[in-house]
Amino acid sequence: MSSGNSKPNKRALILTAAVQVFSQKGYHNTRMEEIAVAAGVGKGTIYEYFISKVQLFQEMLEGSLQAYSASLSPQEINRLSIKERINRMLEGHFKFCLENRELAKIIFWDQDICDQELKEWAFKSRQKKEVRLQAIIEEGIKRGEVKKLDVKLAMVVISGILGSIWVPIALEDWEIDPRQAAAQVTDIILNGIGAI
């Protein structure tokens, strides 16, 4: 009998438990002991994998956010039109918010996360996302798929859409079809809301 492959990965169990507990209690009200209980491990075991609550929270968020953004390889992404890229990004965002309503509340709403290290990490993560989005828009302009416009302004508008979509989903239990909603929002972004 294999001893290593039959046991669940403790690190993965801790991260899964962290999503559950942080989602229910928020960042500041969560204690490491509660995550340990939810993961079925000792509190000391958590510290074998994560040096602090901040690091555990950061890795939990990174893993959760990468899950919805890493569905395509860079080669596949490069073959997509700008419309398809925006659509996939929106669909992933809708799916993430629907599947992780409680976590979305923490990511987008928990303003009490005041640790300086966590603030700096969140700021850098947002900057990386904005750089990627600006690159998509700039490429769309070069390809002739997007009209010439203020790239930063377009990025801010799209980021604003992404940043507000979670509200009706997570706070009001809005049920939507991610594919249909993404197609409609993509159309609004690229074509506006005026009658054609």
Side-chain angles (χ1 to χ4, degrees), residues 1-78 85 88-136 159 162-167 169-171 173 178:
M1 177 187 261
S2 170
S3 61
N5 293 338
S6 61
K7 286 186 178 179
N9 178 318
K10 284 185 184 179
R11 189 172 200 286
L13 286 173
I14 293 166
L15 286 167
T16 300
V19 170
Q20 175 191 338
V21 179
F22 281 127
S23 294
Q24 291 170 353
K25 303 195 82 173
Y27 176 75
H28 284 295
N29 294 325
T30 293
R31 294 185 348 263
M32 295 295 262
E33 294 88 356
E34 295 167 314
I35 295 171
V37 168
V41 300
K43 180 181 172 185
T45 303
I46 291 180
Y47 290 104
E48 291 175 21
Y49 297 93
F50 306 96
I51 60 170
S52 66
K53 183 165 90 166
V54 170
Q55 184 197 22
L56 173 56
F57 189 75
Q58 287 173 348
E59 291 200 30
M60 176 206 67
L61 286 183
E62 283 177 0
S64 297
L65 294 172
Q66 285 172 1
Y68 95 81
S69 62
S71 60
L72 294 171
S73 72
Q75 295 80 15
E76 289 173 309
I77 289 172
N78 289 334
R85 287 189 200 188
R88 295 271 180 105
M89 177 180 59
L90 287 163
E91 186 177 342
H93 190 73
F94 276 118
K95 283 181 182 176
F96 174 83
C97 291
L98 283 165
E99 293 169 4
N100 302 280
R101 290 177 198 266
E102 294 304 315
L103 184 57
K105 289 178 191 176
I106 290 177
I107 293 171
F108 300 111
W109 197 28
D110 192 346
Q111 299 302 314
D112 292 330
I113 299 172
C114 293
D115 301 83
Q116 190 59 34
E117 182 183 352
L118 202 50
K119 278 184 178 179
E120 289 170 11
W121 171 83
F123 181 72
K124 286 178 185 171
S125 295
R126 194 186 93 223
Q127 282 183 315
K128 286 179 189 174
K129 182 185 78 174
E130 289 175 353
V131 166
R132 284 193 303 267
L133 186 51
Q134 279 188 256
I136 290 171
S159 293
L162 289 169
S164 63
I165 283 172
W166 74 271
V167 173
I169 294 174
L171 298 182
D173 293 324

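Please read these numbers as outputs of a predicted model, since none were measured by experiment.
Interatomic distance, CZ of F94 versus CD1 of I165, reported as 3.5 Å (0.5 Å rounding). One distance of note links CG of L15 with CD1 of I46; it measures 10.0 Å at 0.5 Å rounding. Distance check: R11 CZ to F50 CZ gives 4.0 Å after rounding to the nearest 0.5 Å. Rounded to the nearest 0.5 Å, atoms CG (N29) and CD (Q24) are 12.0 Å apart. Atom-to-atom distance recorded for F96:CZ and L162:CG is 12.0 Å, nearest 0.5 angstrom. We find the CE-CD distance between M60 and Q20 to be 12.0 Å, quoted to the nearest 0.5 Å.
Between F22 and F57, the ring-plane angle classifies as perpendicular under the 30° and 60° cut-offs.
Using a 4.5 Å cut-off on side-chain heavy atoms (C-beta onward), Y49 and L56 make no contact.
Applying the side chain to side chain donor-acceptor pair (under 3.5 Å) test to E130 and every residue at least two apart in sequence or in another chain returns R126.
Pairs of residues two or more places apart, or lying in two chains, never qualify as salt bridge (Lys or Arg N to Asp or Glu O under 4.0 Å) while including a residue from residues 46-58.
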Side-chain donor/acceptor pairs under 3.5 Å, residues 31-40, sequence neighbours excluded:
{"from": "E33", "atom 1": "OE2", "to": "K43", "atom 2": "NZ", "distance (Å)": "2.7"}
{"from": "E34", "atom 1": "OE1", "to": "R31", "atom 2": "N", "distance (Å)": "2.7"}
{"from": "E34", "atom 1": "OE2", "to": "K25", "atom 2": "NZ", "distance (Å)": "2.5"}

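Applying side-chain contact (heavy atoms from CB on, under 4.5 Å) to L133 and the options R85, K128, M89 leaves one that passes, M89.
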